[in-house]
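The block underneath contains the structure these notes are about, expressed in structure tokens.
Counting begins at 1 with the first residue of the sequence.
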Amino acid sequence: MEDYFEIFRMNVKFYREQKKISQSLLAIGADCTNGLIGQIEAGTTKPSFDRIVNIANALGVHPADLFLRNASTTVSNTKNLLRTELLPQIEEFVERRL
């Protein structure tokens, strides 16, 4: 089984660095202390669900992206693919068969 906390803490750091914000700025946006962000990134403390949502909001990502990088984008892209590519093919298939 994967260590979801390890993935989570690495993704928090990844998105924080990608957005070029400090732990202090993330803490302000997530309404917590700078120390808590440092502890999360270091893997010494595990945040509550509400804190995870606050961190995701402060980073401008979906909470799922903190556990599976770009998860929300992948889901969105898959839905768009289904709508634009597969649905027309299914409708065409049904028309030919009926």
Side-chain angles (χ1 to χ4, degrees):
M1 176 181 241
E2 293 187 58
D3 184 353
Y4 294 107
F5 180 65
E6 180 70 15
I7 294 166
F8 168 80
R9 73 180 195 84
M10 295 302 293
N11 284 339
V12 168
K13 185 174 182 177
F14 169 81
Y15 285 114
R16 182 180 61 74
E17 289 177 345
Q18 185 182 51
K19 308 251 184 221
K20 296 182 168 101
I21 62 174
S22 65
Q23 289 181 347
S24 296
L25 285 177
L26 177 56
I28 291 167
D31 192 29
C32 64
T33 66
N34 180 39
L36 180 63
I37 298 297
Q39 291 171 342
I40 290 169
E41 287 187 6
T44 60
T45 193
K46 296 179 181 176
S48 68
F49 179 78
D50 289 340
R51 183 69 58 214
I52 291 168
V53 171
N54 288 350
I55 291 169
N57 287 338
L59 290 170
V61 299
H62 191 281
D65 293 332
L66 296 178
F67 292 94
L68 179 62
R69 197 173 296 166
N70 298 318
S72 61
T73 302
T74 302
V75 168
S76 178
N77 289 344
T78 302
K79 286 180 180 179
N80 286 335
L81 176 66
L82 289 172
R83 273 190 224 105
T84 61
E85 299 290 327
L86 295 179
L87 188 57
Q89 290 177 19
I90 292 169
E91 288 171 347
E92 181 181 328
F93 175 80
V94 170
E95 286 295 321
R96 283 191 308 218
R97 294 290 182 161
L98 297 177

Dump the intermediate steps for ring-ring contact (aromatic ring centres under 6.0 Å, His included) on Phe67 and Phe8, then the final yes or no.
-> CA-CA 5 Å; Phe67 292 94; Phe8 168 80; 5.2 Å; yes
With sequence neighbours left out, what residues match Glu6 under salt bridge (Lys or Arg N to Asp or Glu O under 4.0 Å)?
-> Arg9
Pair listing, salt bridge (charged side-chain N to carboxylate O under 4.0 Å, His left out) test, anchored in residues 51-60, at least two apart | none
Summary of salt bridge (charged side-chain N to carboxylate O under 4.0 Å, His left out) pairs that have at least one residue in residues 37-49, sequence neighbours excluded = Arg16-Glu41
What is the minimum heavy-atom distance between Leu66 and Tyr15, and which atoms define it?
-> CD2-CD1, 3.9 Å
ILVMFWY cluster, Val12 and Phe5 together (side-chain gap under 4.5 Å) | yes
Tyr4, Leu59: one ILVMFWY side-chain cluster at the under-4.5 Å cut-off?
-> yes
Distance from Ile37 atom CD1 to Asn34 atom CG, nearest 0.5 Å?
-> 8.0 Å
Transitive ILVMFWY cluster of Val53 at side-chain heavy atoms under 4.5 Å: who else is in it?
-> Phe49
Only pairs under 3.5 Å count here: list side-chain donor-acceptor contacts from residues 84-98, not counting sequence neighbours, and write none if there are none.
{"unit_1": "Thr84", "atom_1": "OG1", "unit_2": "Asn80", "atom_2": "O", "d": "2.8"}
{"unit_1": "Glu92", "atom_1": "OE2", "unit_2": "Arg96", "atom_2": "NH1", "d": "3.3"}

Would you call Asn11 and Val61 a side-chain contact if the rule is heavy atoms closer than 4.5 Å?
-> no
Interatomic distance, CG@Leu26 vs CG@Leu36, rounded to 0.5 Å, equals 9.5 Å
Could you tell me which residues satisfy side-chain contact (heavy atoms from CB on, under 4.5 Å) with Ala30, sequence neighbours excluded, listed by chain and number?
-> Cys32, Asn54, Ile55, Ala58
